[in-house]
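Comments concern the structure below.
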Amino acid sequence: MEYDVVVIGGGPGGYVAAIKASQLGLKTACVEFDEDSSGKVKLGGTCLNVGCIPSKSLLDSSYKFQQISESFDEHGIKVSKPSYDLTKMMQRKDEIVTKLTGGVAHLFKHNKVESIHGKGKLISANEVEVTKAKGKKEILKAKNIILATGSRPINIPSVPWNGTTVVGSSGALEFNKTPKKLAIIGAGVIGLELGSVWSRLGAHVDIYEAEKSLLPMLDDDISRLIDREFRKQNLNIHLGSFVKGSKKTRKGVSLEIEIDGKLNNVDYEKVIVAVGRRPFTENLLSESVNLSLDEKGFVPVNDFCQTSIDNVYAVGDIVRGPMLAHKAMEEGVMVAERIAGKRMEVNYDLVPSVIYTHPEIAWVGKTEKDLKEENIDYKKGSFPFSASGRALASGDSVGFVKMLADKETDEVLGVQIFGNSASEILQQGLIGMEFSASSEDFGLTMFSHPTVSEALHEAALAVNKQAIHIGN
Ligand code: FAD
Ligand code: NAD
């Protein structure tokens, strides 16, 4: 039997591509090798199983615990000393994961996507070899093939994982006890999110970051404020630090850390290595296939996720661009539509990023650093949550919204937000930007009062020095 489309990988890039292709009338199969403890195929990839969803479940549970422990008194609510049941917290997370991964299996059935359990390998432009249980092999023939095998965490030789005391992000979502002392290597997205989880649950958290500034992709005003706020939350971020080595101890791990040229040895119960991820493309391509990976293991593709073989595509974490679930999903949709003969593209200039700490950090488009580098004249407006009635009412008034617009045309070029609900507010900015809105358009739009989103409205007004609730 020949398929119109065979997808290798059932994560957000792969499963969305498969569903979309099938919805467009293409005969589609999706090959996935991950399985649960009973040997049943597990769809959803990193995002649903060990990424976006379980991390957000723990972020929300730990945030609720922190709120009840620290912030209720301010609202006049008295609670006796709260405690938590980590086993139950983890069970809740696992149940959400099971529900969602089962949901993908259901969507496959509903949309007539054939789910094939096994490890896929591209062996020719039209063939995928699937290695199933007990080494049984099957060849699937396909008019089009989509590679979507995702990514894996990067290991560093000075602190190799051992699955117990030194773990990657997946292990850090499974601790059965809150570590008393936790070190995290890397103050990127995972370091800040998982550092927040375990710090809220009572761990002493030290984060070691090689860069000299926190989140250097953001503008300095916002990253400086983030740095200050996180330190108040007991995330002890050590910038410009290098972990040179690690040794097993009776109770955990001893790290040898270099900060400002000085070596220190510090003992920890657990260490999380979160220094980035790399594409998972080992053994994905047979030598006979005329397709090579780049020096970092990514599959080279054009703007439409097409490889150098016309009918072979690649999406998600295995191709250039940010490793984000929504970017993978949009690429999956684009590729399915293009295979079905439709014209569709992804707007890579507007891929939003969110770090789900509290307050959240969210940004899209250009920063001031980008605009200066690109010699684009711009104007800016910002609005602090401390001047937002709703933010003050909820006791969540840290941070600000910053909007950047083209000096001449007023088109909004970038939004950066540090604050409560930043992820949701950003989305409103993003929709406007997708339609090339000007800051004036945002200013002329009525926002419900009182909402924290009004900060976006005021930041837009401030771009042209017309803010009402703050000095211009
Ligand atoms: P994956 O999700 O990695 O899926 C690839 C799938 O392919 C896997 O199921 C794998 O088993 C399968 N596979 C691999 N090789 C083969 C093969 N040869 N044959 C068959 N199957 C194969 N992104 C966000 O946007 N928001 C977040 O909040 C967020 N949080 C995250 C938190 C953590 C802790 C981590 C680790 C990541 C997070 N991400 C987040 C990133 C997000 O998970 C990834 O960008 C996204 O999952 C990438 O999707 P993908 O389909 O490219 O790959
Ligand atoms: P990251 O790239 O976000 O951060 C890694 C950090 O580690 C960087 O700040 C880097 O400077 C630092 N680093 C690298 N080597 C180091 C070393 N030897 N010592 C000390 N610091 C070092 O990577 P991550 O946090 O591992 O996350 C991986 C990917 O997963 C990211 O690309 C991200 O897009 C995705 N993710 C997204 C979300 C989200 O969207 N909310 C959440 C988690 C993960």
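Sequential numbering from 1 along the given sequence is applied to the chain's residues. Given the structure is predicted, the values throughout are model-derived calculations rather than measurements. In listed order, ligands and their atoms are each counted from 1.
Between G9, C47, G168, A325, it is A325 that holds the heavy atom closest to atom 24 (C) of ligand 1. If you check each of P352, A274, C52, S353 against atom 26 (N) of ligand 1, the one with the closest non-hydrogen atom is C52. Checking V31, T149, D317 against atom 48 (C) of ligand 1, the nearest heavy atom belongs to D317. Here the shortest heavy-atom distance to atom 49 (O) of ligand 1, taken over P12, G45, A172, belongs to P12.
At least one N/O-N/O distance between E32 and ligand 1 falls below 3.5 Å. Between G120 and ligand 1, an N or O atom pair is found at a separation short of 3.5 Å. Some N or O of M323 is nearer than 3.5 Å to an N or O of ligand 1, by distance alone. Here's the thing with Y356: none of its N/O atoms is less than 3.5 angstrom from an N/O atom of ligand 1. Residue-to-ligand polar distances keep G44 apart from ligand 1: every N/O pair is separated by 3.5 Å or more. Every N/O-N/O distance between S169 and ligand 1 stays at or above 3.5 Å.
Proximity of L324 to ligand 1, defined as any heavy-atom pair under 4.0 Å, is shared by backbone and side chain alike. Residue contacts with ligand 1, taken as heavy atom pairs separated by less than 4.0 Å, do not involve S170 at all. With a 4.0 Å heavy-atom cut-off, ligand 1 is reached by the backbone of A148 but not by any atom from C-beta on.
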Item to complete: Take N126 and S124 through the test side-chain hydrogen bond (donor to acceptor under 3.5 Å, both in side chains) and record every step on the way to the result.
Response: CA-CA 5 Å; N126 295 99; S124 81; 5.4 Å; no
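Within the 4.0 Å heavy-atom shell around ligand 1 one finds V50. Heavy atoms of K56 approach ligand 1 to within less than 4.0 angstrom. Between R277 and ligand 1 there is a heavy-atom distance shorter than 4.0 Å. Using a 4.0 Å cutoff on heavy atoms, P54 does not count as a contact of ligand 1.
Ranking protein heavy atoms by distance to atom 32 (C) of ligand 1, first place goes to G51 C, 3.3 Å.
Each of the following atoms of ligand 1 lies closer than 4.0 Å to a heavy atom of S151: 3 (O). Of all atoms in ligand 1, numbered sequentially from 1 with element shown, those under 4.0 Å from a heavy atom of H326 are 25 (O). Set against the non-hydrogen atoms of S55, the atoms of ligand 1 under 4.0 Å away are 32 (C).
S196 is linked by a side-chain contact (heavy atoms from CB on, under 4.5 Å) to L59, R200, L235, T357, counting only residues two or more places apart in sequence or in another chain. For T101, the side-chain contact (heavy atoms from CB on, under 4.5 Å) criterion is met by L48, N49, V97, not counting sequence neighbours. Remark: I309 pairs with A125, V289, L291, T307, N311, V312 by the side-chain contact (heavy atoms from CB on, under 4.5 Å) rule, at least two apart or across chains.
Of the N and O atoms on the side chains of K137 and T131, at least one donor lies less than 3.5 Å from an acceptor on the other residue. For E360 and N420, the side-chain atoms include no donor-acceptor pair closer than 3.5 Å. One side chain, Y84 or T178, offers a donor N or O that lies under 3.5 Å from an acceptor on the other. A donor and an acceptor atom, one from each side chain of Y268 and D206, are located under 3.5 Å apart.
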Quick one: table the atom pairs, ligand 2 N or O against protein N or O, below 3.5 Å, distance rounded to 0.1 Å.
from: ligand 2; atom 1: 3 (O); to: V189; atom 2: N; distance (Å): 3.2
from: ligand 2; atom 1: 9 (O); to: E209; atom 2: OE1; distance (Å): 2.6
from: ligand 2; atom 1: 9 (O); to: E209; atom 2: OE2; distance (Å): 3.2
from: ligand 2; atom 1: 11 (O); to: E209; atom 2: OE2; distance (Å): 2.6
from: ligand 2; atom 1: 21 (N); to: A210; atom 2: N; distance (Å): 3.1
from: ligand 2; atom 1: 23 (O); to: G276; atom 2: N; distance (Å): 3.4
from: ligand 2; atom 1: 25 (O); to: V189; atom 2: N; distance (Å): 3.3
from: ligand 2; atom 1: 25 (O); to: I190; atom 2: N; distance (Å): 2.9
from: ligand 2; atom 1: 26 (O); to: G276; atom 2: N; distance (Å): 2.8
from: ligand 2; atom 1: 34 (O); to: M323; atom 2: O; distance (Å): 3.0
from: ligand 2; atom 1: 40 (O); to: V354; atom 2: O; distance (Å): 3.4
from: ligand 2; atom 1: 41 (N); to: E193; atom 2: OE2; distance (Å): 2.8
from: ligand 2; atom 1: 41 (N); to: V354; atom 2: O; distance (Å): 2.8

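Both the sub-6.0 Å distance and the 45° axial angle are satisfied by R320 relative to the ring of Y348.
The only member of V275, V159, V271, V266 that meets side-chain contact (heavy atoms from CB on, under 4.5 Å) when paired with V243 is V159. Evaluated for a side-chain contact (heavy atoms from CB on, under 4.5 Å) with S246, the options S158, P160, S254 yield exactly one hit, P160.
Ring pair W198/F175 is tilted by interplanar angle, where 30° to 60° counts as tilted.
Note on E374 versus K366: salt bridge recorded, some NZ/NE/NH1/NH2 to OD/OE distance being below 4.0 Å. We find that E373 and K369 are not joined by a salt bridge, their nearest charged nitrogen and carboxylate oxygen being 4.0 Å or further apart. A salt bridge is absent between K181 and E269: the closest approach of a Lys/Arg side-chain nitrogen to an acidic carboxylate oxygen does not fall below 4.0 angstrom.
Heavy-atom neighbours of N265 CG from other residues, nucleotides or ligands within 6.0 Å: above the threshold of 12.
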